[in-house]
Structures are given as structure tokens and as C-alpha cells.
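We count residues from 1, following the sequence as given.
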Amino acid sequence: MSLAVSMRNLDQAFQGAGQKAGIEIWRIENSRPVSLPTSSYGKFFTGDSYIILKTFASKSGVLRHDIHYWLGKDTSQDEAGAAAVKTIELDAALGGRAVQYREVQDQETNKFLSLFKPCIMPQEGGVATGFKQVDEDEYKTRLLVCKGKQYVQVKEVPFARSTLNHENIFILDTQSKIFQFNGSNTSIQERAKALEAVQYIRDTYHDGKCDIATIEDGKLMADADSGEFWALFGGFAPLPRKTAARDEDTTTGSHPTKKLLSVEKGKADPIEVDSLTRELLDTDKCYILDCGLEVYVWMGRNTSLDERKSASRVAEELLRDSDRPKSHLIRVIEGFETITFRSKFESWPQTTNATVTEEGRGKVAALLQRQGLNVKGLLKAAPEKEEPQAHIDCTGNLQVWRVNGQNKVLLSAADQSKFYSGDCYIFQYSYTEEDKEEHLIGTWFGKQSVEEERASAVSLASKMVESMKFMVAQTCIHEGSEPVLFFLIFQSFILFKGGLSDGYRKYIAEKEIPDETYTEDGVALFRVQGSGPENMQAIQVEAVAPSLNSSYCYILHSGSTVFTWAGGLTSPDDQDLVERQLDLIKPDLQTKPQKEGSESDEFWELLGGKTDYPSQKISSVPEGDPHLFSCTYSKGTLKVMEIYNFTQDDLMTEDIFILDCHSDIFVWVGQLVDTKSKLQALTIGEKFLKQDFLFENLSCETPIYIVMEGSEPPFFTRFFTWDSAKSNMQGNSFQRKLTIMKHGGTPITDKPKRRGIASIGGRSSGAPEKPQRSRSVSFSPDRPRVRGRSPAFNALASRFENPSSRNLSTPPPMVRKVYPKSGTPDSGTKAAAIAALTESFDRPSARETLMPRIVKKAASPAATKTTSPEPNTKENSMSSRLESLTIQEDMKEGETEDEEGLPIHPYERLTTSSTDPVTDIDVTKRETYLSATEFKEKFGMKRVEFYKLPKWKQNKLKMGLQLF
């Protein structure tokens with residue numbers, strides 16, 4: 001095979017490349033690639049050509065690659081050609097599956113720019129012509145134009161007033177100050193992104209010690225910075241009204257006609273067809289697809305290395321001869337085509353031959369291994385088994401309503417986990433995330449539910465969200481597509497056939513459909529599934545033998561006769577779930593256990609006779625690699641642009657974004673999005689699923705989460721390195737970034753800091769941990785379901801709560817007395833209760849005492865210290881500084897005069913009417929003594945000692961006082 005012969009001559013510089021996630025860069029020197037040190041990454045010279053390899057690990061464990069070769073505007077033709085050829089060789093060394101991008105200076109692709117955020121600023125010179133030496137004694141003032149809403153492109157332009165215009169943003173870089181001039185027709189998002197470039201210039205060329213000023217177009221001499229700016233241009237003069245041409249952000253180039261050309265023996269011959277289909281591409285050939293701004297080279301899997309190089313040269317000549325410097329050249333391999341390439345064809349198979357792909361990769365790996373090369377990165381790693389993760393505390397407060405026509409009916413605690421397939425439901429789950437109560441409002445649609453009640457459920461849920469100022473997360477879930485989070489919140493979920501709502505009853509009556517609604521006396525078969533007591537479901541299925549599956553356990557009942565059936569592939573844990581579900585479906589009845597292969601005749605008679613049934617476990621939709629899109633929705637049309645290598649800073653408060661994780665999608669809505677668009681968030685998510693931009697064959701019933709800025713739940717923020725202080729800031733995107741820049745990188749917010757990393761039960765870690773086991777919960781109708789209280793809090797509450805009182809989702813408001821006195825009759829009881837609560841802080845919880853020794857050892861302070869993340873990241877620094885400021889403010893609120901050094905005396909002896917007054921006090925500070933004593937009697941400690949406690953301890957004490 002020609003590919004094998006050519007690979008013997010692979011350049012040694014590529015040995016070991018692409019075997020771990022990250023970026024690797026080579027510069028072309030004398031037509032050979034030379035590896036660059038990481039300290040030189042992002043520094044490009046106009047006279048050179050570079051090869052950039054981006055390696056990333058997919059969810060499946062496979063390493064994927066993108067290769068970019070960047071050509072400076074002054075690079076030689078030989079170096080540019082060498083970069084193109086060596087890129088194909090590097091792809092061959094990686095198994096022949098990388099996407100290759102040709103990048104021309106000032107015309108780079110968005111994917112390339114995302115690798116070097118916030119921007120690249122190529123310097124004059126090169127390895128062949130010599131690098132230009134910078135005179136440190138004389139700083140060159142330069143004017144730069146900055147373009148881009150999502151990705152910033154910076155280019156030096158002539159330093160003259162005539163260069164300025166209303167359509168663009170300009171950066172004037174001087175030795176002592178950097179000015180950002182915002183054209184009047186530029187957007188807030190463009191201005192915010194330009195500030196990132198200003199920050200880069202300050203850090204890179206001024207060692208972070210340069211002043212920054214922003215100049216607004218049309219504000220004349222409004223301030224000293226404006227005067228200084230215009231003085232550098234010789235004085236102020238109004239800019240002409242003539243508008244400059246704007247280069248709009250474009251994801252895919254438009255062309256009147258797409259041209260397909262077949263490449264053979266160094267020549268490209270057009271293929272005349274009415275429409276483009278996948279069948280036109282032959283695996284033994286190379287093709288060129290000319291789409292105007294994008295030109296693709298498609299290389300068949302069976303083509304040789306020389307054929308691929310030849311096709312690449314033909315495509316380069318095509319762009320050069322037609323003088324199209326802005327066109328992007330992209331090379332794709334059969335089986336690894338990009339989404340945009342596939343979108344050019346009218347028909348493209350949804351699935352590819354993955355078996356052949358893996359086989360081909362194995363052959364390449366074996367070939368390279370025989371040649372002595374390391375092939376670790378080529379082979380697919382086995383994905384690790386993951387336990388269900390909720391990423392939030394699932395022991396909070398749950399309320400559920402069944403939709404009945406245009407109304408909703410609140411369900412009792414005993415019935416809130418029992419759903420019917422013919423109905424729609426609304427649920428509100430409330431949980432505590434650090435010091436703030438968070439909410440998730442969701443709708444659930446049964447497969448047999450009617451459209452009218454689905455619309456009513458959405459409307460009612462939207463009103464609940466709107467009444468809470470949109471500061472809650474929302475989700476829309478369909479039967480059969482429930483996410484793990486849903487089941488972990490409900491813990492024990494039972495799904496019955498039929499329905500109870502008026503809409504369902506009316507529907508089956510009009511259609512004359514038999515009523516299949518579950519009855520306790522009828523014949524019913526339930527499939528039991530789940531991972532444990534905190535995540536178990538019983539799903540009613542057709543009571544026939546084909547509904548059985550060897551991988552599950554089942555409950556079958558007919559009146560008082562109850563069978564349990566254990567499939568041959570089930571585990572003891574699966575069988576334990578059956579016993580737990582029996583307590584909910586058919587409690588206090590004797591069961592008849594059945595094992596697969598030894599069933600009784602009575603069992604098969606209830607199922608209508610014995611027939612064949614499957615044994616393979618029902619697979620759920622796996623979570624895929626996350627993709628972030630910015631969205632524009634207008635007049636029913638949704639347009640999206642993918643944000644590559646995304647971070648939290650890419651989320652702009654003026655916009656709507658979609659995070660696609662394959663198993664579910666998140667619609668993120670910025671604070672400054674108008675109310676109408678906020679109400680359309682669910683519609684935008686549904687449109688996204690229907691259009692299937694990533695060709696994932698997504699189901700229209702994929703769960704949709706709507707996330708509002710400032711209320712992002714941990715199951716969303718886990719996809720980012722999250723700093724909640726940023727999402728809680730006020731102002732638009734430009735104002736926020738400017739504030740952060742002027743305050744040394746610390747977000748300024750009026751809201752409390754919220755946890756950004758997934759946390760369960762008070763633990764926080766960058767890596768997902770095993771979910772917290774829920775406490776035992778009684779489902780007796782005589783006892784309300786109480787979740788979310790700690791044992792210490794329950795002990796305290798039991799002293800004051802009325803046993804017959806209803807469980808409230810939130811504690812009653814605290815009533816403060818204007819002139820409180822400590823000598824109240826119940827002060828002794830209160831003091832004892834507070835002391836008991838305080839003592840519980842230092843005692844191990846029931847959960848800790850039940851932990852195995854190995855778990856307790858792992859959770860020890862020493863172990864925690866070794867596994868804690870490094871505190872030197874920028875995000876952690878911001879959050880810690882903000883937390884420090886908050887603690888200092890709390891101390892100031894708590895301290896009064898010089899209370900810390902005062903001795904504590906009985907309250908009665910400090911009053912003016914006391915028969916035994918204290919004599920050794922400063923009478924001018926009597927009120928301070930009284931306040932200090934009262935505080936000590938309430939909390940069992942001095943005020944200063946109280947405010948030195950962690951926040952959660954302070955809040956626990958305060959919550960205890962609210963009961964009085």
C-alpha cells in the first residue's frame with residue numbers, strides 16, 4: 001500500500017505527537033518542522049509558517065485531532081508548501097483522521113482563533129529574514145483595529161485620524177496608556193471582546209502596568225482621557241458620516257453554486273450533477289468541494305499519501321489563481337467529515353461505519369508500532385463506568401402538581417412520586433446551595449398525554465418562573481427520556497399506565513379508546529430499574545411475556561396475588577430494589593418469587609402464555625462532548641454559531657446561548673435579554689433540537705434545561721471553570737469587563753458569592769464524587785415527607801415545633817423584639833437548645849459514624865489537603881478575594897464600639913432598676929454591655945466569636961432562633 005511506503009519517511013519531529021490533550025506547535029525552518037517550546041506558543045511572526053496540533057479527548061476516551069497550518073503574510077512559497085505537505089504527513093502519523101485547516105494571516109478561522117484567546121498579534125520578521133529587535137528605550141505607538149463579536153481579530157492600521165470610523169473599534173497603544181475607541185455603530189459584545197485584547201496588550205507588552213482608558217465615539221471632549229486621546233491625533237475633529245465596510249462574522253461561506261471536482265493525476269475535473277449526495281464520493285479518490293468562502297479537500301480512506309498531497313496542491317492553486325485570499329481551505333478524511341462539510345450535501349447518512357474506522361485505526365497503529373513509533377494516542381481507551389451524578393443536593397423540598405385542564409392540582413407527599421402516562425405534571429424542587437435557596441421548576445409530559453394539557457403545563461410553569469423574577473432553573477422532560485437528575489430528585493418513581501386528568505378522560509372517550517388506567521385489583525406488570533434506594537423506578541408495561549427482559553426484575557400482580565420475577569442477568573442489588581418497590585405498590589402482601597427459567601404455570605397464565613423476550617439492557621442516551629452555540633432567534637428562525645474551546649467569559653449577558661451535551665441541552669439566558677425573549681427560551685431549545693445542527697440525530701424529546709444568568713445550577717456550571725461572582729455582576733458585558741480590569745481582575749458584585757463547582761452534602765471538588773446517600777424516608781400517609789434537615793436541626797426543632805403542624809418548605813420569618821430582655825421564662829430552654837445545636841458542630845454526624853473506615857480516612861483533613869485544587873488559578877483568586885471582602889463586611893456589621901474587650905455580666909445586674917447593680921463598669925457604655933450580654937445569652941458566645949464562625953454555622957444558629 002502506498003500509504004505504508006510513504007510513512008517510512010515520516011519526519012522525526014512528529015514522533016510522539018498528539019498522545020495527550022493540549023496544543024503542540026512546530027515552525028517550518030529550511031522546509032523541516034521544528035518543535036517550539038510552550039513559552040513561544042501564541043507568538044507568530046509574519047515571515048514564518050507554522051503547524052499547530054490541537055488534541056482533545058472525547059467522552060468516549062478517543063483522542064481527536066485538529067491540525068492548522070498558519071501562513072504569515074511574508075512567508076516564502078517554499079515554506080508555505082512545506083507546511084501544507086508536512087501537515088498531511090502529521091495527519092498520517094496520527095492515524096489519518098484529523099481535520100486540517102489552512103490559516104492565512106488576518107483571515108484565520110474561528111476555530112484557530114479560539115486556541116489563542118483573546119487574540120494573536122503577529123510580529124514582523126521571521127526565522128529566514130531575521131527577527132526584528134525591539135528597542136526597549138523607545139516604545140512605538142501603534143493604532144490597531146479590533147473586529148469580532150465572539151472571536152477577536154486584531155490588525156495594525158495606519159496611525160491617522162482618517163483611519164478611525166463609526167463601524168469599528170480601535171486600540172491606540174502608547175507607552176503610558178492604552179486607549180479603546182468604540183465606534184458608535186459597534187455592539188456591546190464587540191466592545192467587551194475588544195477589552196480582552198486590551199488586557200492582552202497590557203499584560204504582554206506593558207507587564208500589566210499600563211493605564212487603560214475608553215473613548216466613546218461622539219462624546220467630544222467629555223473628559224481628560226478623551227482630550228488626551230484626540231491630542232495624539234492633532235486635536236479633535238468629527239468623523240465623516242461615510243461608513244466603512246464591516247466584515248461580519250460568518251460561520252459558513254455562501255456561494256451561488258457549489259462545485260464538486262474530482263482530482264486525478266494532479267488535475268481537477270468538474271462533476272456535473274443536479275444535487276450533491278454522499279454516494280458521489282469514491283473511497284479510492286480525492287475531491288474538491290468549492291463553496292466560495294470555504295474550499296474542502298475530501299480524501300478517500302483508500303487514497304495514498306501522494307494522492308492526498310497532490311489534491312492539496314491543486315486546491316492551493318485553485319485559490320491562488322482565482323485570487324481568493326479570504327477563502328478557507330479545509331481538508332477532511334472519509335469518515336471524519338466536519339459538520340459544515342456534511343451540511344453541503346442534500347443527503348448524508350446519519351451513521352458512519354464505525355467498525356471500519358476502528359479497524360483502519362488499528363492497522364495504522366500496528367504499522368507505526370512496527371516502525372518503532374509510540375502509538376499510545378491512537379487506540380481507543382475503555383470508558384470508565386460512571387455512577388449517576390446529580391451534582392446538587394437531592395434531599396431538598398419537592399412539590400408536585402398534576403395538570404387538570406387549565407389548572408394544576410397539588411399532590412400529597414405520598415402521591416408526588418406516582419405519575420400516570422396519560423397526564424402532565426409540574427414540579428418545583430428547592431434545595432440549598434451554600435447560603436442561598438435555589439429552585440428547579442419542571443414539566444413532565446406522559447406519552448399518552450393530550451396536547452392541550454401539555455400547552456397548559458408549559459404556560460403554568462412559565463407563570464411560576466416569571467413570578468420568581470426568572471431567577472430559577474427550568475426544565476422540560478418527556479416520558480422515556482428522563483435525565484438522571486430527575487430520578488435522583490424523585491428518588492422512588494412509579495409510572496402507571498392511563499391517566500386521571502379530565503383531558504385524558506375526555507380524549508379516550510371521544511376516540512373510544514379502552515381505558516388502561518392502573519387499578520390495584522387488575523393485572524399489572526412493572527419493570528423495576530435504578531442504581532439504588534435513592535434512584536429507583538417501577539415502570540408499568542404491557543402485562544405480556546415479551547415485556548420481560550433478562551436484565552431486569554419485575555413485579556406482577558393480579559388482585560392480592562403478587563409475583564416477583566428476577567431475570568438471569570440481574571444482580572442482588574437489582575433484586576433488593578424489587579423489595580423496596582413492593583412496599584410502595586403492594587405492601588403487606590405475601591409474594592411468590594420467580595427466577596428466570598423456573599417460573600410456575602400460574603405466572604405465565606397471567607401474562608397470556610410463555611413467549612420469547614429480549615435480554616439486552618435498555619440503553620439510555622449517553623452524555624456527549626459539550627458544544628456551545630450563540631443564538632439569534634427572530635420571526636421563527638433560529639441561527640446559531642458554535643463557540644469553540646468555550647469558557648465562562650464567552651457567555652454574554654445580552655445574549656442567549658445553547659450548551660448541547662447530546663443527552664440534554666441547556667438554554668442559557670443572560671440578565672439583559674428582554675422579557676419576550678426570555679419567555680421564548682423553551683421554544684428556542686425545541687427549535688435547536690428540531691434543526692439538529694450537529695447532525696446528532698437528536699430526539700425532539702431530549703430534556704431541555706433553561707438556565708438564567710445569576711442562578712446557574714451546579715449541573716450546568718460543571719462544564720466550565722466557573723466563578724459565580726462574574727455571573728452576579730451588574731451592568732452590560734462591556735461595563736463588567738471594564739470593572740474587572742480596573743479592579744485587578746476581581747469581579748465587583750452586590751450579591752453573595754454562590755458555589756460554582758458541583759457540590760453534594762457540603763463537599764466541593766473539581767471531579768465528580770459519589771452522590772450523597774439520602775436518609776431513610778417513610779412513605780406512610782400519616783407522616784409527612786420531611787427532607788433537607790440535618791439531625792442537629794431536627795433535634796432543636798423538636799423542642800419548639802407543634803407535632804401536628806404542617807411541614808413548611810421555608811422557616812417562618814424571624815420576629816425581632818424592640819427591647820428584648822434575657823429574663824424571659826423560656827430563656828433557659830432556649831439557651832439549652834442553642835447549646836445543644838452548637839455542640840453538634842463538633843460531633844460527628846450520623847452519616848460520618850456510618851461511613852466505612854476507608855471512606856473516613858479518605859475524607860480526613862490530611863487527605864483533603866493532598867487532593868484540594870491549587871489555589872493559584874485566576875478564578876479561585878477572584879472568588880477568594882470576594883469572600884474575604886464579604887467576611888470583613890460581616891465583622892463590621894457585627895462589632896459595636898469596643899465590645900470585644902468588655903466583661904460579660906448578668907443582664908439583670910446591668911439594668912438601671914437592678915437591686916444588685918454592677919459597680920465596676922463604665923456607665924456611659926451601659927447599652928454596649930447590655931447588647932453584649934444579650935448576644936452571649938442568645939448564641940452562647942461573644943459577638944466577635946460568632947462572626948469568626950464559618951458562614952454555615954452562623955446561619956444554622958440564626959435558623960434555630962427563628963423558631964422562637
S.K.: Looking at every non-hydrogen atom in both residues, tell me the closest pair between Leu584 and Lys418 and how far apart they are.
M.R.: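 Nearest pair, atom of Leu584 first, then Lys418: O-NZ, 4.1 Å.
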S.K.: Among all residues two or more places apart in sequence or in another chain, which pass the side-chain contact (heavy atoms from CB on, under 4.5 Å) test with Asp576?
M.R.: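 Applying side-chain contact (heavy atoms from CB on, under 4.5 Å) to Asp576 gives Arg580.
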S.K.: Checking Ser462 side chain against Val458 main chain: does a donor-acceptor pair fall under 3.5 Å?
M.R.: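 A pair under 3.5 Å: yes.
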S.K.: Taking all heavy atoms of Val541 and all of Ser547, pick out the closest pair and write down the distance.
M.R.: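 Residues Val541 and Ser547, closest heavy atoms: CG2-CB, 3.7 Å.
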S.K.: Return the CD to CD1 distance between Gln581 and Ile494, rounded to the nearest 0.5 Å.
M.R.: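 Going from the CD atom of Gln581 to the CD1 atom of Ile494 covers 5.0 Å.
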S.K.: side-chain contact (heavy atoms from CB on, under 4.5 Å), that's the test. Do Leu495 and Gln537 meet it? Break it down for me.
M.R.: CA-CA 8 Å; Leu495 178 60; Gln537 304 88 47; over 6 Å; no
S.K.: Is Trp668 close to Val673 at the side-chain level, that is, under 4.5 Å between some pair of heavy atoms?
M.R.: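 No. Closest side-chain heavy atoms not under 4.5 Å.
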S.K.: Are there over 12 heavy-atom neighbours, none belonging to Phe487, within less than 6.0 Å of that residue's CZ?
M.R.: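 Enclosed: over 12 neighbouring heavy atoms sit under 6.0 Å from CZ of Phe487.
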S.K.: Atom CD in Gln448, atom CD in Glu479: separation rounded to 0.5 Å?
M.R.: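 Answer rounded to 0.5 Å: 7.0 Å.
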S.K.: Test His662 against Val621 for side-chain contact (heavy atoms from CB on, under 4.5 Å), laying out the working first.
M.R.: CA-CA 8 Å; His662 188 68; Val621 179; 3.6 Å; yes
S.K.: Do you see a donor-acceptor pair shorter than 3.5 Å between the side chains of Ser417 and Gln491?
M.R.: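 Gln491 and Ser417 do not have a side-chain donor-acceptor pair below 3.5 Å.
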S.K.: How many angstroms lie between CG in Leu525 and CG in Leu556, if you round to the nearest 0.5 Å?
M.R.: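 One gets 5.5 Å once the value is rounded to the nearest 0.5 Å.
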S.K.: Run Ile656 and Tyr633 through side-chain contact (heavy atoms from CB on, under 4.5 Å) and show every step you take.
M.R.: CA-CA 9 Å; Ile656 294 177; Tyr633 184 68; over 6 Å; no
S.K.: Taking only residues two or more places apart in sequence, or in another chain, which ones meet Phe646 in a ring-ring contact (aromatic ring centres under 6.0 Å, His included)?
M.R.: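 Phe646: ring-ring contact (aromatic ring centres under 6.0 Å, His included) contacts with Phe720.
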S.K.: Counting C-beta onward and ignoring hydrogens, is there a side-chain heavy-atom pair between Asp393 and Thr432 closer than 4.5 Å?
M.R.: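 Sidechains of Thr432 and Asp393: no contact.
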S.K.: Might you point out which heavy atoms bring Asn549 and Gln616 nearest each other, and give the distance in Å?
M.R.: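 Shortest heavy-atom contact: ND2-O, 2.8 Å.
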S.K.: With no hydrogens and no angle check, do the side chains of Asp515 and Thr517 hold a donor and an acceptor under 3.5 Å apart?
M.R.: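 Distance-only check passes for Asp515 and Thr517.
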S.K.: Closer than 3.5 angstrom, by distance alone: can the side chain of Ser459 be matched with the main-chain N or O of Ser456 as a donor-acceptor pair?
M.R.: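 Answer holds: no.
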S.K.: Does Gln406, at its CD atom, have more than 12 non-hydrogen atoms belonging to other residues, nucleotides or ligands within less than 6.0 Å?
M.R.: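 Check fails, neighbour count at 12 or below.
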S.K.: Report the residues that fulfil ring-ring contact (aromatic ring centres under 6.0 Å, His included) with Phe419, sequence neighbours left out, ordered by chain and then residue number.
M.R.: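 Partners of Phe419 under the ring-ring contact (aromatic ring centres under 6.0 Å, His included) test: Tyr425, Trp444, Phe490, Phe493.
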S.K.: Could you tell me whether Glu542 and Lys497 have a side-chain N and a carboxylate O separated by less than 4.0 Å?
M.R.: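 Lys497 and Glu542: salt-bridged.
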S.K.: Closer than 3.5 angstrom, by distance alone: can the side chain of Glu453 be matched with the main-chain N or O of Gly503 as a donor-acceptor pair?
M.R.: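 It does hold such a pair.
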S.K.: Do Val707 and Leu659 make a side-chain contact, defined as non-hydrogen atoms from C-beta onward lying under 4.5 Å apart?
M.R.: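 Not in contact.
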S.K.: Please confirm whether the backbone N or O of Met471 pairs with a side-chain atom of Ser711, one donor and one acceptor, at under 3.5 Å?
M.R.: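 Pair found, side chain donor or acceptor close to backbone of Met471.
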S.K.: Taking only residues two or more places apart in sequence or in another chain, which ones pass ring-ring contact (aromatic ring centres under 6.0 Å, His included) with Phe693?
M.R.: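 Applying ring-ring contact (aromatic ring centres under 6.0 Å, His included) to Phe693 gives Phe688.
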S.K.: Where the side chain of His627 meets the backbone of Ile643, is there a donor-acceptor pair that is under 3.5 Å apart?
M.R.: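 Such a contact is absent between His627 side chain and Ile643 backbone.
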S.K.: For Glu520, does its backbone N or O pair with a side-chain atom of Lys586 as donor and acceptor, under 3.5 Å?
M.R.: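 At least one qualifying donor-acceptor pair exists.
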S.K.: Output every pair passing ring pair (Phe, Tyr, Trp, His ring centres under 6.0 Å) with a member in residues 604-623, not counting sequence neighbours, ordered by first then second residue.
M.R.: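 Every pair satisfying ring pair (Phe, Tyr, Trp, His ring centres under 6.0 Å) with a residue in residues 604-623: Trp565-Tyr613.
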S.K.: With a 4.5 Å limit on heavy-atom distance, are the side chains of Lys687 and Ile684 in contact?
M.R.: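 Answer no - side chains too far apart.
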S.K.: Taking the side chain as every heavy atom from C-beta outward, state whether Asn407 and Trp401 have any pair of such atoms under 4.5 Å apart.
M.R.: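 Asn407 vs Trp401: side chains apart.
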S.K.: If the test is ring pair (Phe, Tyr, Trp, His ring centres under 6.0 Å), which one of Tyr554, Tyr518, Tyr552, Phe563 qualifies with Phe526?
M.R.: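 The ring pair (Phe, Tyr, Trp, His ring centres under 6.0 Å) with Phe526 is passed solely by Tyr518 among Tyr554, Tyr518, Tyr552, Phe563.
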S.K.: Closest heavy-atom contact between Thr702 and Ser663?
M.R.: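 So the two residues come closest at CG2-O, 3.4 Å.
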S.K.: Pair Tyr429, Cys394 - check side-chain contact (heavy atoms from CB on, under 4.5 Å), show working.
M.R.: CA-CA 9 Å; Tyr429 178 66; Cys394 288; 4.3 Å; yes
S.K.: Write down the atom of Ala681, the atom of Val669, and the distance for their closest heavy-atom approach.
M.R.: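 In this case the closest contact between Ala681 and Val669 is CB-CG2, 4.0 Å.
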S.K.: Are any non-hydrogen side-chain atoms of Gln575 and Thr564 less than 4.5 angstrom apart?
M.R.: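 They are not in contact (no side-chain heavy atoms under 4.5 Å apart), so the answer is no.
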S.K.: Measure the CD1-CD distance between Ile426 and Gln428 for me, rounded to the nearest 0.5 Å.
M.R.: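 Taking CD1 in Ile426 and CD in Gln428, the distance rounds to 10.5 Å.
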S.K.: Using modelled atom types and a 3.5 Å cut-off, is there a donor and acceptor pairing between side-chain atoms of Tyr705 and backbone atoms of Phe716?
M.R.: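 A pair under 3.5 Å: no.
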S.K.: Got a sec, which pairs hit side-chain hydrogen bond (donor to acceptor under 3.5 Å, both in side chains) with one end in residues 675-684, sequence neighbours left out?
M.R.: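 Output for this query lists Asp674-Ser677.
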S.K.: Quick check: do Cys476 and Phe445 have side-chain heavy atoms less than 4.5 Å from each other?
M.R.: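 Sidechains of Phe445 and Cys476: in contact.
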S.K.: On the 0 to 90° scale, with breaks at 30° and 60°, tag the Phe345-Phe341 ring pair as parallel, tilted or perpendicular.
M.R.: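 Tilted: the ring planes of Phe345 and Phe341 meet at 30° to 60°.
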S.K.: Kindly give the heavy-atom pair with the smallest separation between Ala545 and Gly609, and that separation in Å.
M.R.: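 In terms of heavy atoms, the two residues are closest at CB-O, 3.5 Å.
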S.K.: Under a 3.5 Å distance rule, please check whether Glu599 uses its side chain to pair with a backbone N or O of Gly597 as donor and acceptor.
M.R.: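 Checked: pair present.
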S.K.: Nearest 0.5 Å please: distance from the CD1 atom of Ile658 over to the CD1 atom of Ile706.
M.R.: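 Reported value, rounded in 0.5 Å steps: 10.0 Å.
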S.K.: Identify whether the distance between the nearest side-chain nitrogen and carboxylate oxygen of Glu686 and Arg454 falls below 4.0 Å.
M.R.: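 No, this pair does not count.
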S.K.: Answer whether the closest heavy-atom distance between the side chains of Ile392 and Leu485 falls below 4.5 Å.
M.R.: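 The answer is yes, as the side chains (C-beta and beyond) meet within the 4.5 Å cut-off.
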S.K.: Could you give the distance from CD1 (Ile555) to CZ (Arg527), rounded to the nearest 0.5 Å?
M.R.: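 One gets 12.5 Å once the value is rounded to the nearest 0.5 Å.
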S.K.: Hey, is the main chain of Tyr504 close enough, under 3.5 Å, to the side chain of Ser501 for a donor-acceptor pair?
M.R.: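 At least one qualifying donor-acceptor pair exists.
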S.K.: Would a distance-only check, ignoring hydrogens and angles, find a side-chain to backbone donor-acceptor pair under 3.5 Å from Asp655 to Cys631?
M.R.: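 Absent.
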